[in-house]
Amino acid sequence: IGVIEMGGWDTHANQGAETGRLARNLALLAEGLELLPETFGLAWKNTVVAVVTEFGRTVRINGSFGSDHGTAGAAFLLGGAVAGGRVATHWPGLNDNSLYEDRDLAPTSDMRALFKTILHDHLGINHKALDKLVFPNSDASIGPPGPLIRV
């Protein structure tokens, strides 16, 4: 298990679109992720990479042409061990009636459930240990639908 952190995502002001700070960060992230299969070589077929936001952003742009902290985040899974090629969520939509607290994308899954699924299905850690030791008080967390990992 390894962790790589990439800062610069807190775009309260001048977030930009195709050429702003957000676009530059997304491009850097994409470039790094694109290198992983070749870098990992044969180990790639047994690899799960989780790209996860620390916090969400509001749906609407603020007065400083950025976005503020929001509720729902995002996660992307890739790697040879990932049963991918789909979006695994219950999409709430972006219309005004679907927003959480009239400002945020509505959360649909608990990130702990995503991590628990990966740790159980990919690394074989039992559910009891995950619920009690790794992610206490997460027994009822709701995860993404369908299989995520090839077993």
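All residue numbers in this chain count up from 1 along the given sequence. Please read all numbers here as calculations on a predicted model, not as lab measurements.
Judged by distance alone, with hydrogens and angles left aside, the side-chain atoms of R103 form no donor-acceptor pair with the main-chain N or O of V59 at under 3.5 Å. Proximity of a side-chain donor or acceptor of S98 to a complementary backbone N or O of L94 within less than 3.5 Å is not detected. Using modelled atom types, no side-chain atom of D104 and backbone atom of G56 make a donor-acceptor pair closer than 3.5 Å.
The closest side-chain heavy-atom distance from I118 to L77 is below 4.5 Å.
A salt bridge links R57 to D10: one of the charged nitrogens lies within less than 4.0 Å of a carboxylate oxygen.
Separating the CG atom in L28 from the CE atom in M6 is a distance of 4.5 Å, to the nearest 0.5 Å. For the atom pair S67 OG and R60 CZ, the distance stands at 12.5 Å (nearest 0.5 Å). In this structure, CG on N14 lies 12.5 Å from CG on L22, to the nearest 0.5 angstrom. Between the OG atom in S109 and the NE2 atom in H90 there is a gap of 6.5 Å [rounded to 0.5 Å]. Atom OG of S138 and atom CZ of R112 lie 5.0 Å apart (nearest 0.5 Å). The NE2 atom of H69 sits 8.0 Å away from the CD atom of E54 when rounded to the nearest 0.5 Å.
F65 CZ: 12 or fewer foreign heavy atoms inside a 6.0 Å radius. Residue-environment remark: CG (L42) stays at or below the threshold of 12 foreign heavy atoms within 6.0 Å. Within 6.0 Å of CG on L35 lie more than 12 heavy atoms contributed by other residues, nucleotides or ligands.
In this structure, V87 is not a member of the same hydrophobic cluster as V52, with clusters built from ILVMFWY side-chain heavy atoms closer than 4.5 Å. Placement of V82 and I1 within a single hydrophobic cluster is found when ILVMFWY residues are connected by side-chain heavy-atom separations under 4.5 Å, directly or transitively. V49 and F115 fall into different hydrophobic clusters, where Ile, Leu, Val, Met, Phe, Trp and Tyr residues are linked whenever their side-chain heavy atoms come under 4.5 Å apart, directly or through other members. Hydrophobic cluster membership is shared by V51 and L36, with clusters built from Ile, Leu, Val, Met, Phe, Trp and Tyr side chains linked at under 4.5 angstrom. Cluster membership check: I125 shares its hydrophobic cluster with M111, using side-chain heavy-atom separations under 4.5 Å among Ile, Leu, Val, Met, Phe, Trp and Tyr.
Applying side-chain contact (heavy atoms from CB on, under 4.5 Å) to L130 and the options V134, L133, N126 leaves one that passes, V134. Checking each of T11, T58, N62 against D68 for a side chain to side chain donor-acceptor pair (under 3.5 Å) leaves exactly one that passes, namely N62.
Between L105 and Y100, the shortest heavy-atom contact is O-CB, 4.2 Å. Across every non-hydrogen atom of N25 and G8, the tightest pair is ND2-O, 3.0 Å. Across G73 and T53, no two heavy atoms sit closer than the pair CA-OG1, 3.1 Å.
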Yes or no on side-chain contact (heavy atoms from CB on, under 4.5 Å) for F135 and D110, after CA distance, side-chain angles and deciding distance?
CA-CA 11 Å; F135 295 105; D110 184 327; over 6 Å; no

List the steps, then state whether side-chain contact (heavy atoms from CB on, under 4.5 Å) holds for V48 with D121.
CA-CA 11 Å; V48 174; D121 294 355; over 6 Å; no

Step by step, work out the side-chain contact (heavy atoms from CB on, under 4.5 Å) result for F76 and L33.
CA-CA 11 Å; F76 302 97; L33 295 175; over 6 Å; no

